[in-house]
Amino acid sequence: MPSQQETLLIVDDEAAIRRLLRQKLSREGYRCEEANDAEQVLNTLGTSPIALAILDIKMPGKSGIELLPEIKAGYPDTAVIMATAVNDINVAIQCLKQGADDYLCKPFNLEEVFLAAQGALEKRRLKLQIREYQQFLEEKIEEQTGEMRKIFLGAIEALVSAIEAKDKYTGGHSRRVTDIALVLGKELGLSAPDMEDLRWGSLLHDIGKIAVDQVIQNKPGKLTREEYEHIMTHVHVGAEIVRPVVNGKISAMIEHHHDHYDGSGLNQAIMGDDIPLGARILAVADAFDAMISDRPYRPAMSITDIVEEIKRCAGTQFDPVVVAAFLNTVGMTTT
Ligand SMILES: [Fe+2]
């Protein structure tokens, strides 16, 4: 069934042939336009959408075979039927290889022309429908992925809050560390995807504390070596917990958030810039929030003391570049 939206372009340098095809195809219900050379074809394609071009191979100037790739590259949604006076199978194969949808021989059998046009247009409609459906599916998937991420993030935030509720000193810690880390990430010029990873890594960085003994966690005095080692297992436990649901950058960030820049941290496998940048940012953000909060073993520190302490640890515990970014954000300089 011809569609009212579909316009056909009849391309031939002989006016009599164009007229003949136009009469037949118009009678069948198609809207037709004409062109007598390559230049006219490109002008017409550039100004109105053409569903199908019936393209004569032999024309003065640029031939149909030369024009075909140009049409396919610039107007991939236009179907093309090639027409030639020579019944040459090699020419037909060459045209089909270059993207023509069909091939007709002159002198035309008008019924054959109609059937070829009908077939090419039907194929084109199907192609367009499939593409539209694919786009629809992609949009749906994107929408649902966004929804799932939102639900997952909500669940994770609830879990993080539940873990922090066990510890009277760290309520809201992960949320605050996230805010600080994102400020530092922005200062350091992180890309949007890296910022997104940093947000997740920060929010989840202490999730491994679910496996830490609450008594040790809340111990007011100094920790023994064993107790400290026990608490520090939360980095590996946390990385293991999140690994199935987040990307490798995020789990690495969690695994290394207590690493010292100079390699002096507990059981540390990597050091310096080998520590993921997200983990180096997290280390400063985490320390800042820890110092600004009351802890079982000491009260909250003043901003001046915190800044001094972070500055003092630049190059040892912390990456100096991240420290510089931190100092910039609090309006201080490295000197
Ligand atoms: Fe931690």
Side-chain angles (χ1 to χ4, degrees), residues 156-185 197-220 222-243 245-246 248-271 274-298 300-301 306 309-310 313 316-319 322-323 326:
I156 291 295
E157 280 184 279
L159 178 61
V160 168
S161 303
I163 296 165
E164 288 176 352
K166 284 203 313 178
D167 180 343
K168 59 181 173 175
Y169 291 97
T170 58
H173 167 70
S174 300
R175 169 58 54 209
R176 289 193 304 273
V177 168
T178 305
D179 293 342
I180 301 162
L182 290 178
V183 170
L184 296 179
D197 287 345
L198 183 61
R199 190 161 73 86
W200 282 79
S202 308
L203 202 54
L204 296 167
H205 75 281
D206 272 347
I207 202 163
K209 286 204 174 155
I210 200 163
V212 168
D213 188 310
Q214 218 177 319
V215 176
I216 300 175
Q217 175 90 3
N218 288 320
K219 184 178 169 181
K222 203 174 169 355
L223 297 172
T224 66
R225 168 96 191 164
E226 288 71 30
E227 287 167 340
Y228 180 66
E229 282 186 4
H230 169 70
I231 285 187
M232 292 308 270
T233 56
H234 77 274
V235 297
H236 307 294
V237 174
E240 284 308 312
I241 290 173
V242 300
R243 215 181 298 278
V245 284
V246 300
K249 276 187 169 181
I250 299 173
S251 55
M253 213 182 283
I254 295 168
E255 178 131 35
H256 296 285
H257 78 271
H258 283 293
D259 280 4
H260 288 193
Y261 191 71
D262 65 0
S264 65
L266 183 72
N267 303 327
Q268 207 173 314
I270 50 175
M271 60 181 285
D274 287 340
I275 301 167
L277 177 59
R280 284 179 267 144
I281 293 172
L282 208 39
V284 174
D286 195 12
F288 178 83
D289 188 64
M291 288 189 274
I292 209 163
S293 317
D294 285 326
R295 283 291 150 114
Y297 43 88
R298 56 137 182 83
M301 291 165 62
I306 294 172
E309 180 61 12
I310 289 180
C313 297
T316 51
Q317 186 175 349
F318 304 128
D319 176 359
V322 178
V323 172
F326 167 78

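It should be emphasised that the depicted structure is a prediction, and the values quoted were computed from it without experimental measurement. Order of appearance sets the numbers: ligands from 1, and atoms from 1 within every ligand.
- Looking only at its N/O/S atoms, H257 has NE2 as the one nearest to the Fe ion (ligand 1).
- Minimum heavy-atom separation, I241 to G208: CD1-CA, 4.4 Å.
- Looking only at atom types and distance, the side chain of H205 has no donor-acceptor partner in the side chain of H234 under 3.5 Å away.
- For H258 and H236, the gap between ring centers reaches or exceeds 6.0 Å.
- Distances from the Fe ion (ligand 1) show that H205 has no N/O/S atom below 2.8 Å.
- Side chains of H230 and D213: no donor on one and acceptor on the other come within 3.5 Å.
- Among the heteroatoms counted here (N, O or S) of D206, OD1 is the one nearest to the Fe ion (ligand 1).
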